[in-house]
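We count ligands from 1, going down the list as the structure has it; atoms in each ligand are counted the same way.
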Amino acid sequence: MEYTVSKKLFTEARKYIPGGVNSPVRACKSVGCDPVFITKARGASVFDADGNEYVDFVCSWGPMIMGHAHPDIIAALHGTAVNGTSFGAPTPTEIELATMVVEALPSIEKVRFVSSGTEATMSAVRLARGYTGRNVVVKFDGCYHGHADSFLVKAGSGVITLGIPGSPGVPDDIVKNTISIPYNNQEVLEKTLRDEELDIACVIIEPVAGNMGCVAPQPGFLEKLRSLTEELGIVLIFDEVITGFRLSYGGAQEYYNIIPDLTCLGKIIGGGLPVGAYGGKAEIMDNIAPDGPVYQAGTLSGNPLAMAAGIAALKLLQRDGFYDELEEKAGGFAERLQNVAGASGIPVQLNRVGSLMTSFFTSEQVTDFDSAMKADTDMYAKHYRQMLSKGIYLAPSQFEVAFISAAQSKNDLEKAVKMTEWSFKNLL
Ligand SMILES: *Cc1c(COP(=O)(O)O)cnc(C)c1O
C-alpha cells in the first residue's frame, strides 16, 4: 500500500497542530508508524487520503455501532441542519433524546446533555461531591474517564499507551483527592471504602473496562461495589461512555443488572457527533443548576445536530434482535480468532464482552491493569502495522478494544481472520 499523501499531510499537520493530531493516540507513536489520514467512510470501511480501503475496527472509538454514514443518521442531520445548527436555547429534540435515554437506562430518571464524555464524567463527579459534601473520588487503575484533572491518576487509554504516569499540569492538591485502586480486587475495594478517614464522595468505574484493553468485571465484583457504596452512602458512578447502548440497549447496568446512582454516557448516544450525558436519580440530579447549587453549563450542550443524530442512532438500535445478532457475530469472530491464535503458537489472551474485544499478547490472563501491562507491546505494534498493510484498521494501541459493528459483514470478519492468521505467522 502507498501512504504518500498521508505522509505529506502528517508533515503539514505537525506544523500547526501539536503532534499533528487532536487526540494523542491517533499519532500512532506506540505502534511505530505514521497515521493514515481518513477522508471517507461508509458502512464497515474507512478510506485514507491515498485511496486505501480498510475494514474498520476502531469505529471512531465506539460511536459507529451502525457503521459509518448510516443513511438514517445522515438524513436526520440533513433534515436538521437546514433549520439552523445551534440556538443556545431549549429545543424539542432534547426532550425526545432525553426521554429515550430515561426509558433505556434503568438508573436514569433525569439526564443532562453535554458535548463530550470528558464533560459528562467531570460534571458527574462535581455533582457527587456537591451532593455528598465530600471530596475524594475513588477510581480503578487502568480505567479512563476522559481527561479532566481528577482522573489523570493511573488512567487508561492514551495515558497508558504513551506511558505517562499521570500528567504534568495536574496539581498535587487535586491528585490527593483521587484514589486509584486495582480493578477486580474486592479486598482492596472494601478496605478502601470502609476507611472513614478518607471522606469518599464517589466511586467511578467502567463496568466493563475498555481503556486498558477489554477487561471484564469478575463475577461478584460489581455486586460488591454496589452493596458497599449503598451501605456507606457513597455515590456510585458507572462510566458507560463505551458500554452504554453497546452491551445492551440499557447498557452494562442492564447487562449485569446493577443499578448505579449516576451514569455517564457519550459515544453511541451522539450517533457520531460530539455528545456526552450524565444522569441518574432525580434526587441527585436536582442538585444541578438551575434547580440546585451545583454549576454546570454548555454553549453547545443539547446541540440540535447532535440530538438528531443520537435519536436516529438509538431508533436503529431498538430493532428486535439487534443485540443478539451483534453478540452472535462477535462471538463467532472471537472463536475464529482464538483458533487462529491457538494454532499459531503466539501467546494471546482474547478478552471479550459482547461487541468489545482485545487480543492481548501475553500468556497470562488479563483481569486488571497490572496483568494488562504484561502484554508485549512491540509484538502488538508489528501486528498493527502488518494488519494495516493488509487493509485491516485496528486501534493503534494494545490497550484499546476492537469494536464490532452492525455494518461488518461475514466477509469483512472473514478477511480479518485470514489476515490475522497471516500476521501471526509473520510475527515471530
Ligand atoms: C471515551 C471515553 C471517555 C471520554 O469521552 P470523550 O468524548 O473522549 O471526552 C470517558 N470515559 C470512557 C469510558 C471513555 O471510553
>> Could you tell me, atom by atom, which parts of ligand 1 come under 4.0 Å of a heavy atom of D239?
In response: 10 (C), 11 (N), 12 (C), 13 (C)
>> Quick check on the 6.0 Å ring-centre criterion: do Y393 and F47 meet it?
In response: no
> What's the shortest distance from atom 7 (O) of ligand 1 to any protein heavy atom, and which residue and atom give it?
Replying inline: G117 N, 2.9 Å
>> Quick check on contacts: which atoms of ligand 1 are under 4.0 angstrom from a heavy atom of Y144?
In response: 11 (N), 12 (C), 13 (C)
> T121 to ligand 1: N or O pair under 3.5 Å?
Replying inline: no
> Any idea which atoms of ligand 1 are less than 4.0 Å away from a heavy-atom of I242?
Replying inline: 15 (O)
> Should D239 and F151 be marked as a side chain to side chain contact (heavy atoms under 4.5 Å, CB included) after you check the CA-CA gap, both sets of side-chain angles, and the distance that decides it?
Replying inline: CA-CA 12 Å; D239 181 350; F151 303 124; over 6 Å; no
>> Between V401 and F403, does the side chain to side chain contact (heavy atoms under 4.5 Å, CB included) criterion hold? Intermediate values first, please.
In response: CA-CA 6 Å; V401 294; F403 290 95; 3.3 Å; yes
>> With heavy-atom distances below 4.0 Å as the criterion, list the atoms of ligand 1 near E206.
In response: 13 (C)
>> Check this for me, if you would: do K315 and E96 make a salt bridge, where the nitrogen-to-carboxylate-oxygen distance has to be below 4.0 angstrom?
In response: yes
> Should the proximity of H145 to ligand 1, defined as any heavy atom under 4.0 Å, be assigned to the side chain, the backbone, both, or neither?
Replying inline: backbone
>> Tell me which pairs pass salt bridge (charged side-chain N to carboxylate O under 4.0 Å, His left out) where either residue lies in residues 77-91, with sequence neighbours left out.
In response: none
> ligand 1 versus E119, non-hydrogen atoms closer than 4.0 Å: side chain, backbone, both, neither?
Replying inline: neither
>> If the threshold is 4.0 Å, N to carboxylate O, is there a salt bridge linking R112 and E94?
In response: no
> Taking 4.0 angstrom as the limit, do R126 and E119 come out as a salt bridge?
Replying inline: no
>> Checking the N or O distance criterion of under 3.5 Å, is ligand 1 in contact with K267?
In response: yes
> Which of the numbered atoms in ligand 1 are below 4.0 angstrom from a heavy atom of S116?
Replying inline: 7 (O), 9 (O)
>> Could you work out, for atom 10 (C) of ligand 1, the closest of P207, C143, G146, A209 by heavy-atom distance?
In response: G146
> Do the side chains of T377 and F399 get nearer than 4.5 Å, heavy atoms only?
Replying inline: yes
> Taking both backbone and side-chain atoms of N211, is any N or O found less than 3.5 Å from an N or O belonging to ligand 1?
Replying inline: yes
N/O donor to acceptor pairs below 3.5 angstrom from side-chain atoms of residues 257-267, sequence neighbours left out:
{"unit_1": "D261", "atom_1": "OD1", "unit_2": "R226", "atom_2": "NH1", "d": "3.3"}
{"unit_1": "D261", "atom_1": "OD1", "unit_2": "K281", "atom_2": "NZ", "d": "2.7"}
{"unit_1": "D261", "atom_1": "OD2", "unit_2": "R226", "atom_2": "NH2", "d": "3.1"}
{"unit_1": "D261", "atom_1": "OD2", "unit_2": "L236", "atom_2": "N", "d": "2.8"}
{"unit_1": "T263", "atom_1": "OG1", "unit_2": "S107", "atom_2": "OG", "d": "2.8"}
{"unit_1": "T263", "atom_1": "OG1", "unit_2": "Q253", "atom_2": "NE2", "d": "3.0"}

> Judging by distance only, is a nitrogen or oxygen of V241 under 3.5 angstrom from one on ligand 1?
Replying inline: no
>> Please state which option from V401, V275, T118, V114 has its nearest heavy atom closest to atom 9 (O) of ligand 1.
In response: T118
